[in-house]
Structure formats: C-alpha cells, structure tokens
Amino acid sequence: MEPYFKPITVDMIYVSPLKAKLVEKDGWEKVLPVDKTVPPTGSVIMDAVADILKHTTISSVKGLAAQLKVKPKELSGAIHILTRQNAVDFIIDYRIKQAKELLACTNLDMKEIAKRCGLKWAENLAQRFQKEEKMSPRDYRAKHRPEDYVRRYEWE
C-alpha cells in the first residue's frame with residue numbers, strides 16, 4: 001500500500017546561502033542569482049520551519065519552537081510525522097547541507113561557516129560533519145570545491 005503522503009525532506013525545503021551561481025548551457029555561461037524562494041511543501045508547519053532555517057542560524061528544536069511560539073515536544077512530533085525523521089536530525093541535516101555548500105563553493109573559514117550554520121564553535125561543526133559525512137570538513141572541501149570556485153559562485 002502506498003503511503004498517504006510523501007515525507008518532506010531537507011532537499012525539498014533547502015535554500016542555498018549563495019548569492020549567485022554560474023550556469024552553463026548550450027555553449028554559453030552566465031552568473032545568475034540563486035532563487036531564494038522557500039519551496040512550498042503543502043504543510044504550514046514545514047513551510048514555517050523552512051523559512052526560519054533559511055533566515056536564521058537556529059540549529060535546535062527549542063530555538064525553532066520559540067520562534068513558532070509552540071512547545072518543543074509538539075514541534076518535534078509534528079516534524080517527525082511530516083518528515084519521518086527525528087526533528088533534531090532533520091535540523092542537523094539541513095545545517096550540514098548548508099555547510100557542505102559553503103565548503104564547496106566559498107573560501108569562508110570553518111569558524112565563519114560554523115557561525116552561519118548556527119554552531120558556536122568550528123569544532124562542533126567538524127564533529128557533526130565527521131559523524132554525518134565520514135570525512136573532515138577540510139577533506140570535503142578539498143574533494144568538492146572546484147579550482148575556479150571564485151568564478152563559479154558568489155556569496156556574502
């Protein structure tokens with residue numbers, strides 16, 4: 001039997017922190033602005049969560065719940081139902097995706113990336129990154145950042 005609805009994933013709500021990306025198509029290339037629109041999910045709750053994750057550095061259920069003026073336990077339950085994922089894990093996955101993009105597309109140092117991802121210390125990001133990606137942030141950057149990243153991406 002098919003599930004009643006498709007769970008919402010981080011990829012469905014993620015908004016890039018970059019300002020612009022190089023687009024190459026049919027022999028031409030141009031740096032175009034990144035769409036900053038939060039994709040609608042069909043869930044008022046997840047749309048609000050996505051908007052908060054996009055505009056803030058909040059990286060905890062307690063912080064999200066405070067923004068939404070709801071109890072953390074209720075928000076955790078709703079996120080779990082809508083994503084089929086633990087709320088803490090969902091938020092961490094969003095922030096790790098953000099960190100991966102910043103590592104691969106910018107020259108920002110780990111301290112700044114950690115700050116932009118809602119973590120107080122670069123060591124916290126490195127530990128979470130190692131756990132989730134099975135490699136250090138430095139190794140990820142070396143593997144995934146193109147040599148011409150400055151030409152390909154714009155960021156603040």
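What you see is a predicted model, and the numbers here were worked out from it, not measured in a lab. Start at 1 with the first residue, then count along the sequence.
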Does Ile58 belong to the same Ile/Leu/Val/Met/Phe/Trp/Tyr cluster as Val88, with side-chain heavy atoms less than 4.5 Å apart forming each link?
yes
Is any side-chain heavy atom of Tyr140 less than 4.5 Å from a side-chain heavy atom of Gln130?
no
Any chance NZ of Lys73 has more than 12 other-residue heavy atoms, nucleotides or ligands included, within less than 6.0 Å?
no
With a 4.0 Å cut-off, would you call Glu112 and Arg116 a salt bridge?
yes
Step through the shown structure and confirm whether more than 12 heavy atoms of other residues, nucleotides or ligands are within 6.0 Å of NZ on Lys54.
yes
For Arg138, look at atom CZ and say whether over 12 heavy atoms of other residues, nucleotides or ligands are found less than 6.0 Å away.
no
Evaluation steps, side-chain contact (heavy atoms from CB on, under 4.5 Å), between Leu22 and Lys30:
CA-CA 6 Å; Leu22 180 71; Lys30 185 174 183 178; 5.7 Å; no
Any non-hydrogen side-chain atom of Ile45 less than 4.5 Å from a side-chain atom of Leu75?
yes
If only atom types and distance count, is the side chain of Lys134 paired as donor or acceptor with the main-chain N or O of Lys131 below 3.5 Å?
yes
Contact check, side chains of Leu125 and Met110, non-hydrogen atoms, under 4.5 Å:
yes
Quick check: closest heavy atoms across Arg95 and Leu53, and the distance to 0.1 Å?
NH1-O, 3.1 Å
Using the rule that Ile, Leu, Val, Met, Phe, Trp and Tyr join whenever any side-chain heavy atoms are under 4.5 Å apart, tell me whether Leu103 and Val150 fall into a single cluster.
yes
How about Asp35 and Thr37: does a side-chain donor come under 3.5 Å of a side-chain acceptor?
yes
I'd like to check Ile92 versus Ile96 (side-chain heavy atoms, cut-off strictly below 4.5 Å). Are they in contact?
yes
Nearest heavy-atom contact between Asn86 and His80 is N-CD2, 3.9 Å
Going through the checks in order, is the side-chain contact (heavy atoms from CB on, under 4.5 Å) test met by Glu132 and Asp93?
CA-CA 8 Å; Glu132 300 296 321; Asp93 286 353; 3.7 Å; yes
Please report the closest heavy-atom contact between Asn107 and Arg145, naming both atoms and the distance.
CA-NH1, 3.7 Å
So, do Ile79 and Ser76 sit near enough that their side-chain heavy atoms are less than 4.5 Å apart?
no
Mind checking ring-ring contact (aromatic ring centres under 6.0 Å, His included) for Tyr14 and listing every partner two or more places apart, or none if nothing turns up?
Tyr94
Could you walk me through whether Gln67 and Ile52 satisfy the side-chain contact (heavy atoms from CB on, under 4.5 Å) test, starting with their C-alpha distance in whole Å, then the side-chain angles of each, then the deciding distance to 0.1 Å, before giving a yes or no?
CA-CA 8 Å; Gln67 286 285 308; Ile52 291 167; 3.6 Å; yes
Would a 4.5 Å heavy-atom cut-off, applied to side chains only, mark Met135 and Lys143 as touching?
yes
Would a hydrophobic clustering, with Ile, Leu, Val, Met, Phe, Trp and Tyr connected at side-chain separations under 4.5 Å, put Val15 with Leu64?
yes
For the atom pair CG (Leu18) and CG (Leu102), what is the distance rounded to the nearest 0.5 Å?
6.5 Å
Under the side-chain contact (heavy atoms from CB on, under 4.5 Å) criterion, do Thr83 and Val10 qualify, and how do the steps go?
CA-CA 9 Å; Thr83 67; Val10 166; over 6 Å; no
Is Ser59 reaching over with its side chain to a backbone N or O of Gly118, donor-acceptor style, under 3.5 angstrom?
yes
For residues Cys105 and Trp155, report the shortest heavy-atom separation together with the two atoms involved.
O-CZ3, 3.2 Å
Run through Glu29, Glu24, Glu147 and flag the one making a salt bridge (charged side-chain N to carboxylate O under 4.0 Å, His left out) with Arg152.
Glu24
Any idea which heavy atoms bring Val61 and Ala87 closest together, and the distance?
CG2-CB, 3.7 Å
Side-chain contact, heavy-atom cut-off 4.5 Å: Lys97 with Asp11?
yes
Reported CD-to-CD distance for the pair Gln127 and Glu123, which is rounded to 0.5 angstrom
7.5 Å
Do Tyr149 and Val31 land in one hydrophobic cluster if side-chain heavy atoms of ILVMFWY residues count as linked below 4.5 Å?
no
Determine whether Thr57 and Cys117 make a side-chain contact, defined as any pair of heavy atoms from C-beta on separated by less than 4.5 Å.
no
How close do Ser43 and Leu82 get, counting heavy atoms only, and between which atoms?
OG-CD1, 3.2 Å
Given 3.5 Å as the limit, does a donor-acceptor pair link the side chain of Arg141 with the main chain of Lys100, or not?
no
Take Glu101 and Ser16, measure what side-chain hydrogen bond (donor to acceptor under 3.5 Å, both in side chains) needs, and give me the verdict at the end.
CA-CA 8 Å; Glu101 189 168 21; Ser16 174; 2.8 Å; yes
